[in-house]
Amino acid sequence: MTAIEVTDLHKRYGRTTALDGVSFTVHPGEIFGLLGRNGAGKSTTVAAIAGLIRPDRGTVRVLGHDPVRERATVRRVLGVQLQDAALHPALTVRELIRLHRGLHADGLDPDFLIDALNLDHRRDTRFEQLSGGEAQRVSIAAALAGKPRVAVLDELTTGLDPEARRDIWRIVTDLRADGVSVLLVSHAMEEVERLCDRVALLDHGRLLALDTPAALAAQTGRDTLDEAFLALTGGTR
C-alpha cells in the first residue's frame, strides 16, 4: 500500500487554477520532496493531503484512506507540520507537546522530543515568547508526537541555525529508518538533495518533473538540483 497517493488533483479558487491534474505517489519509508516557486501549488497539495480542503476533482489517499471522508482515521496515522501553524500562545513548550501526545493512543515521549529538538532550556517557556526558529521546532514536535506513519513537513528548517538544521535532518532520516513516510516541502535545495529519495517539481499547478534529485540534475545537464530547478522553471525562484 502506498503511503500517499495523489491522482489527477484539480483545485480552483475563483479564476485561479491552483492544481491542474497533479498525480504522484509516496512509498512507505520514503522521503519525498515537493518543490516549486511560490504559487506553484505546493500548499494546496499539502492542504488536500491533510484533509483541510476538498479537491474539485481527483483523489487523495493516505494509507488508503480519504483524508476528508475518513478524517478521524487519517489523523491517527498522519502528522502534519505547517509553516504557518498556530499553536496556543499561552501554553508552554512542555504543555503543548504533551497536549498533542495526549490526542493519540500511542506516541513519542514528549521529553524525548523536547530533548531531540534542543528545546530543553525552553520547556517551561510560553509559546508566544519563543523565537521563530524555536516555534518551528515546537510545531515539528507537535506533528511527531503521535508517532505518525506518514509525516508532512512544510519548510521544516526555516529560520533555524545550521546546527539546529542538522539536528532536524537527523530526526527526519531517523523517521525514514523507522519506516515512516515523509513528504517534505522545502525551498532549501541542499536539504532536498541530502534527504529526499525522489522529488516532484510543481509549476503553475502542474507536475513539471518527478525523479531522484540526481536524475533531475542529469536530465537538464546540470550539476546540482538547484541548477536543475532554475532550468526547469525558467530561471526564477
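As the structure is a computational prediction, the values presented were derived from the model and not from experiment.
Q81 places a side-chain N or O within 3.5 Å of a backbone atom of D154 that can act as its donor or acceptor partner. Distance alone, capped at 3.5 Å, is enough to place a donor-acceptor pair between the Q136 side chain and the E155 backbone. Using modelled atom types, one side-chain atom of R176 and one backbone atom of L195 make a donor-acceptor pair closer than 3.5 Å. In terms of modelled atom types and a separation under 3.5 Å, the side chain of H88 and the main chain of A90 share a donor-acceptor contact. For S139 (side chain) and A135 (main-chain N/O), no donor-acceptor pair under 3.5 Å exists by modelled atom type.
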Checking side-chain contact (heavy atoms from CB on, under 4.5 Å) for the pair D66/T59: CA distance, chi angles, key distance, verdict?
CA-CA 8 Å; D66 184 323; T59 60; over 6 Å; no

Starting from the C-alpha separation in whole Å, work towards a yes-or-no answer on side-chain contact (heavy atoms from CB on, under 4.5 Å) for E191 and I168.
CA-CA 10 Å; E191 179 172 279; I168 298 298; over 6 Å; no

Between L82 and L52, does a side-chain contact (heavy atoms from CB on, under 4.5 Å) hold up when you go through it step by step?
CA-CA 12 Å; L82 299 177; L52 300 175; 4.0 Å; yes

Just do the side-chain contact (heavy atoms from CB on, under 4.5 Å) check on T224 and E193 with the steps written out, would you?
CA-CA 8 Å; T224 67; E193 285 186 305; 4.0 Å; yes

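Clustering ILVMFWY residues whenever any of their side-chain heavy atoms sit less than 4.5 angstrom apart, transitively, puts I114 in a cluster other than the one holding L103. Under the 4.5 Å side-chain heavy-atom criterion for Ile, Leu, Val, Met, Phe, Trp and Tyr, V22 and Y13 are members of distinct hydrophobic clusters. L78 and V68 fall into different hydrophobic clusters, defined by Ile, Leu, Val, Met, Phe, Trp and Tyr side-chain heavy atoms under 4.5 Å apart, directly or through other members.
Residue R170 qualifies as enclosed at atom CZ: its count of foreign heavy atoms under 6.0 Å is above 12. Counting non-hydrogen atoms of neighbouring residues, nucleotides and ligands closer than 6.0 angstrom, the NE2 atom of H10 exceeds 12 such neighbours. Remark: R149 CZ is loosely packed, at most 12 non-hydrogen atoms of other residues, nucleotides or ligands lying under 6.0 Å away. In the displayed structure, E128 atom CD is contacted under 6.0 Å by more than 12 heavy atoms of other residues, nucleotides or ligands. The local environment of CZ in R75 is sparse, with at most 12 non-hydrogen atoms from other residues, nucleotides or ligands closer than 6.0 Å.
Closest heavy-atom contact between S181 and P28: OG-CA, 3.2 Å. In plain terms, the two heavy atoms of I49 and V60 that are nearest each other are CA-CG1, 3.8 Å. The heavy-atom pair separating V80 from A50 by the smallest distance is CG2-CB, 4.1 Å. C196 and L184 make their closest contact through SG-CD2, 3.9 Å (heavy atoms, listed as atom of the first residue, atom of the second, distance). When every heavy atom of P55 is checked against every heavy atom of L9, the shortest pair comes out as CB-CD1, 3.6 Å.
For the pair R61 and T7, the minimum side-chain heavy-atom distance is 4.5 Å or more. Side-chain contact between F32 and I4 is absent, with no heavy atoms from C-beta onward closer than 4.5 Å. R101 has its side chain out of reach of K147: every pair of non-hydrogen atoms, C-beta onward, lies at least 4.5 Å apart. Side chains of L202 and L34 form a contact here, defined as non-hydrogen atoms less than 4.5 Å apart. R137 is listed as a side-chain neighbour of N118, based on a closest heavy-atom distance under 4.5 Å. Between F229 and R37 there is a side-chain heavy-atom pair separated by less than 4.5 Å. Between L144 and V180, every side-chain heavy-atom pair lies at or beyond the 4.5 Å cut-off. Side-chain contact between L117 and I171: present, with at least one pair of heavy atoms (C-beta onward) separated by less than 4.5 Å.
Interatomic distance, CG of L201 versus NZ of K42, reported as 9.5 Å (0.5 Å rounding). Put simply, CG on L119 and OG1 on T92 are 11.0 Å apart, with the number rounded to the nearest 0.5 Å.
A donor-acceptor contact under 3.5 angstrom links the side chains of T17 and R12, judged on distance only.
By the 4.0 Å N-to-carboxylate-O rule, R123 lies close enough to D111 to be salt-bridged with it. Salt-bridge annotation for D211 and R198: absent, with no side-chain N of the basic residue lying under 4.0 Å from a carboxylate O of the acidic one.
For the side chain to side chain contact (heavy atoms under 4.5 Å, CB included) with V46, the lone residue among L153, I53, V152 that qualifies is V152.
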